[in-house]
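The structure appears right after this line, and notes come after that.
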Amino acid sequence: MVRGKTQMRRIENATSRQVTFSKRRNGLLKKAFELSVLCDAEVALIIFSPRGKLYEFANSSMQETIERYRRHVKDTKINKQTSEEDMLLLKTEATNMVKKIELLEIAKRKLLGEGLGACTIEELQQIEQQLERSVSNIRARKNQVFKEQIERLKEKEKQLEDENAKLSEKCGAHKWQGLKMVEESRACEERSPVSDVETELFIGPPETRTQRLLQ
């Protein structure tokens with residue numbers, strides 16, 4: 001026999017309702033026990049019958065489990081409230097940032113000479129003064145950069161002059177040594193006498209050699 005699907009609504013018959021309550025209660029208590037044993041979970045179950053009778057199951061202390069539940073609910077509420085406050089604060093900050101950005105965009109356009117139609121004389125004078133201060137600061141910074149570049153170039157020039165002087169000293173020493181060697185060589189040549197040395201070495205026919213000896 002196939003069991004029909006139970007409709008999820010209150011059982012009108014009192015006897016049937018009591019029988020169903022007893023069966024389901026025992027089954028629920030059994031499932032709670034199995035869950036605590038098999039999964040090592042902390043389980044606390046409280047059931048009140050339609051007549052107000054209490055049925056309960058707890059694998060630990062019922063009071064401790066209830067206190068743990070209360071703390072968890074309290075922490076959850078606090079965290080939720082804190083998160084909501086943080087979100088509200090972030091939204092407020094985002095709105096303020098958008099307004100500031102819009103104001104900065106308007107000010108930037110005015111400095112560029114755009115959107116000046118609705119400006120008063122006082123506002124235009126303020127913009128003019130701000131531009132003059134900006135130009136003055138830019139010129140001061142430009143002059144400072146020029147001075148720094150000139151100082152660096154002077155230092156580089158001094159380094160190059162020092163290196164040139166060292167190279168000149170080295171070249172002068174080598175030139176003086178070369179001149180000294182040339183002078184010593186000339187002196188040696190002047191001290192050595194030049195003489196013609198005759199030898200008996202003769203290349204030619206014998207008669208020619210005899211005539212040369214007779215002469």
| request: Assess whether side-chain contact (heavy atoms from CB on, under 4.5 Å) is satisfied between L153 and E157, documenting all intermediate values. | output: CA-CA 6 Å; L153 290 174; E157 182 182 8; over 6 Å; no

| query | Rounded to the nearest 0.5 Å, how far does CZ of R109 lie from CG of L104? | reply | 11.0 Å

| For the atom pair CD (Q126) and SG (C119), what is the distance rounded to the nearest 0.5 Å? | 10.0 Å

| query | Given the rule in the side-chain contact (heavy atoms from CB on, under 4.5 Å) test, do L45 and E56 qualify, once you have shown the distances and angles that lead to the verdict? | reply | CA-CA 5 Å; L45 176 62; E56 65 179 41; over 6 Å; no

| request: Could you tell me the separation between the CD atom of Q18 and the OG1 atom of T15, rounded to the nearest 0.5 Å? | output: 8.5 Å

| said: Under the criterion salt bridge (Lys or Arg N to Asp or Glu O under 4.0 Å), I'd like the reasoning laid out for E169 against K166: C-alpha separation, chi angles, the key distance, then a yes or no. | reply: CA-CA 5 Å; E169 291 178 359; K166 292 179 181 179; over 6 Å; no

| task | Determine yes or no for a side-chain-to-main-chain donor-acceptor pair under 3.5 angstrom, with S36 supplying the side chain and F33 the backbone. | result | yes

| ILVMFWY cluster, L54 and I66 together (side-chain gap under 4.5 Å) | yes

| field | Electrostatic pair K158-D162, nearest N-O below 4.0 angstrom | value | yes

| query | Would you find more than 12 non-hydrogen atoms of other residues, nucleotides or ligands less than 6.0 Å from N96 atom CG? | reply | yes

| remark: dist N164:CG -> C171:SG (nearest 0.5 Å) comes out at 9.0 Å

| Basic-acidic side-chain contact under 4.0 Å: E155, R152 | no

| query | Applying the 4.5 Å side-chain criterion to the ILVMFWY set and letting contacts propagate, would F48 and M62 be lumped into a single cluster? | reply | yes

| message | Tell me whether E93 is salt-bridged to K91, with the criterion being a basic N under 4.0 Å from an acidic carboxylate O. | response | no

| message | Between F21 and I47, is the side-chain contact (heavy atoms from CB on, under 4.5 Å) condition met? List the steps. | response | CA-CA 11 Å; F21 173 77; I47 303 173; 4.0 Å; yes

| request: Please report the C-alpha distance between Y55 and R25 in whole Å, then the side-chain angles of each, then the deciding distance to 0.1 Å, and finally whether the side-chain contact (heavy atoms from CB on, under 4.5 Å) criterion is met. | output: CA-CA 9 Å; Y55 301 90; R25 179 201 62 202; 3.0 Å; yes

| field | Any donor-acceptor pair under 3.5 Å from S134 side chain to Q130 backbone | value | yes

| query | Under a single-linkage definition using a 4.5 Å side-chain heavy-atom cutoff for Ile, Leu, Val, Met, Phe, Trp and Tyr, are I106 and L116 assigned to the same hydrophobic cluster? | reply | no

| Could you give the distance from NZ (K147) to CD (E151), rounded to the nearest 0.5 Å? | 9.5 Å

| query | Taking atom types as modelled and ignoring hydrogens, do the side chains of E42 and T65 form a donor-acceptor contact shorter than 3.5 angstrom? | reply | yes

| Main-chain N/O of A41 paired with N59 side-chain donor or acceptor, under 3.5 Å | yes

| query | If two hydrophobic side chains count as joined below 4.5 Å and joins carry through other members, does V37 share a cluster with L28? | reply | yes

| task | State, with a plain yes or no, whether a side-chain heavy atom of R17 is found less than 4.5 Å away from one of R10. | result | yes

| task | Can you measure from OG (S61) to CZ (R68) and round to the nearest 0.5 angstrom? | result | 12.5 Å

| field | Heavy-atom closest pair, residues A32 and V43 | value | CB-CG1, 3.9 Å

| request: Could you go through the salt bridge (Lys or Arg N to Asp or Glu O under 4.0 Å) check for E102 and K100 one step at a time? | output: CA-CA 5 Å; E102 291 177 354; K100 289 181 181 179; over 6 Å; no

| Hphob cluster co-occupancy, I11 + V19, side-chain heavy atoms under 4.5 angstrom | no

| task | Determine whether L35 and K31 make a side-chain contact, defined as any pair of heavy atoms from C-beta on separated by less than 4.5 Å. | result | no

| Residues, nucleotides or ligands: over 12 heavy atoms within 6.0 Å of I121 CD1 | no

